[in-house]
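One-based numbering, in listed order, for ligands and for the atoms of each. Just so it is clear, the values below take in all heavy atoms, side chains as well, and ignore hydrogens, waters and symmetry mates. Just so you know, residue 1 is the first one in the sequence shown, and it goes up from there.
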Amino acid sequence: SELTGEVEFENVDFGYNPDKIVLHDINMYAKPGQKIAFVGSTGAGKTTITNLINRFYDIQDGKIRYDNINIGKIRKPDLRRSLGIVLQDTHLFTGTVMDNIRYGKLDATDEECIKAAKLANAHDFIKRLPDGYNTVLTGDGSNLSQGQRQLLAIARAAVADPPALILDEATSSIDTRTEAMVSKGMDALMEGRTSFVIAHRLSTVKDADCIMVMEQGRIIERGTHDQLIDMKGRYYQLYTG
Ligand code: M5T
Ligand code: MG
């Protein structure tokens with residue numbers, strides 16, 4: 001991909017149904033490599049913003065630009081594909097671990113897949129599976145733990161090597177050790193890429209370049225962790241519980 005990972009929203013309004021706007025006047029700018037986090041209560045619009053970054057929907061008003069290219073109301077599958085997504089529920093298919101990783105980039109060699117798995121912190125657990133990279137996964141991934149599925153999702157995104165990423169942090173309970181492995185893999189994946197993170201634990205957004213605090217479809221506060229704490233507003237409330 002030729003894209004650098006620069007993403008800009010200018011006065012974006014959006015509703016899944018045009019009669020019911022759920023995002024109001026969203027403005028944001030992500031420099032290549034920055035980590036942008038979204039926090040806020042349920043229904044605030046966090047997932048919706050990431051749906052728009054992915055261009056899954058057309059917007060009612062405003063502009064969305066990648067590298068200064070306005071892709072506001074047209075569909076460019078090549079642009080959309082250049083974003084890597086690590087969703088909470090990774091879609092795995094019946095096939096080997098290797099092929100499930102390769103799904104991120106269909107012409108990737110075995111070496112590239114292994115390199116991606118190493119970066120994702122997934123290599124060690126894969127080596128311990130009965131047939132290593134040739135272990136066949138069930139379609140629903142039920143022969144892996146939740147944390148292991150997440151590590152594979154990270155490896156899959158790493159092999160795609162996109163300039164920008166959307167990470168939806170899992171809410172489900174994985175044990176502390178696995179969680180540490182997943183967050184180490186995610187940190188490695190985010191390195192050098194623009195990352196949009198929906199965080200369910202405020203502790204994981206502390207190092208973001210900018211935290212967007214959302215409420216009822218609007219960004220009501222933004223800044224670094226320290227700036228937002230000093231503001232003593234909504235973020236401070238969320239943080240101090
Ligand atoms: C924002 C509505 C939702 C809410 C608003 C994803 C989605 C959302 N909505 C739809 O009508 N259709 C959809 O496909 O949009 O919802 P959100 O963006 O999902 O909020 P969130 O991600 O901040 O919430 P949560 O619960 O994941 O923390 O009115 O009904
Ligand atoms: Mg959501």
Enquirer: Could you find the nearest protein heavy atom to atom 28 (O) of ligand 1 and give me its residue, atom name and distance?
Expert: K46 NZ, 2.8 Å
Enquirer: To which protein heavy atom is atom 1 (C) of ligand 1 closest, and what is the distance rounded to 0.1 Å?
Expert: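 Scanning the protein heavy atoms, the shortest distance from atom 1 (C) of ligand 1 goes to G43 O, 3.4 Å.
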Enquirer: To which protein heavy atom is atom 29 (O) of ligand 1 closest, and what is the distance rounded to 0.1 Å?
Expert: K20 NZ, 4.1 Å
Enquirer: How close does the nearest protein non-hydrogen atom get to atom 2 (C) of ligand 1, and which residue and atom is it?
Expert: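 Ranking protein heavy atoms by distance from atom 2 (C) of ligand 1, first comes Y16 CE1, 3.9 Å.
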Enquirer: Below 3.5 angstrom, do we get any N/O pair linking G40 and ligand 1?
Expert: no
Enquirer: If you define the side chain from C-beta out and look only at heavy atoms, does anything of I36 sit under 4.5 Å from Q34?
Expert: yes
Enquirer: Under 4.0 Å between a side-chain nitrogen and a carboxylate oxygen: does that hold for D99 and R102?
Expert: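 Between R102 and D99 there is a salt bridge, with a charged N closer than 4.0 Å to a carboxylate O.
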Enquirer: Quick one: which ligand 1 atoms are inside 4.0 Å of a heavy atom on T47?
Expert: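 Counting from 1, the qualifying ligand atoms are 18 (O), 19 (O), 21 (P), 22 (O), 27 (O).
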Enquirer: What protein heavy atom sits nearest atom 25 (P) of ligand 1, and how far away is it?
Expert: T42 OG1, 3.6 Å
Enquirer: Could you check R193 against D161 for salt bridge (Lys or Arg N to Asp or Glu O under 4.0 Å), going step by step and ending with a plain yes or no?
Expert: CA-CA 9 Å; R193 306 175 206 279; D161 193 21; 2.7 Å; yes
Enquirer: Check whether any N, O or S atom of T48, backbone or side chain, sits closer than 2.8 Å to the Mg ion (ligand 2).
Expert: no
Enquirer: Centroid separation under 6.0 Å, is that true for the rings of H225 and Y236?
Expert: no
Enquirer: Kindly state if atom 14 (O) of ligand 1 has a protein heavy atom within a strict 4.0 Å cut-off, that is, under 4.0 Å?
Expert: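 Yes, there is a protein heavy atom closer to it than 4.0 Å.
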Enquirer: Examine G45 against ligand 1 and note whether any of their N/O atoms are separated by less than 3.5 Å.
Expert: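 Right, the criterion is met.
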Enquirer: Side-chain donor-acceptor pair under 3.5 Å between H91 and Y103, yes or no?
Expert: no
Enquirer: Nearest protein heavy-atom contact for atom 17 (P) of ligand 1: which residue, which atom, what distance?
Expert: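 Result: T48 OG1, 3.5 Å.
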Enquirer: As a test of understanding, state which of D209, D187, D207 forms a side chain to side chain donor-acceptor pair (under 3.5 Å) with K35.
Expert: D207
Enquirer: List the atom of L165, the atom of P162, and the distance in Å for their closest heavy-atom pair.
Expert: CD2-CG, 4.0 Å
Enquirer: Between N51 and ligand 1, is there a nitrogen or oxygen pair with a distance under 3.5 Å?
Expert: no
Enquirer: Ion pair present between R65 and E10, side-chain N to carboxylate O less than 4.0 angstrom?
Expert: yes
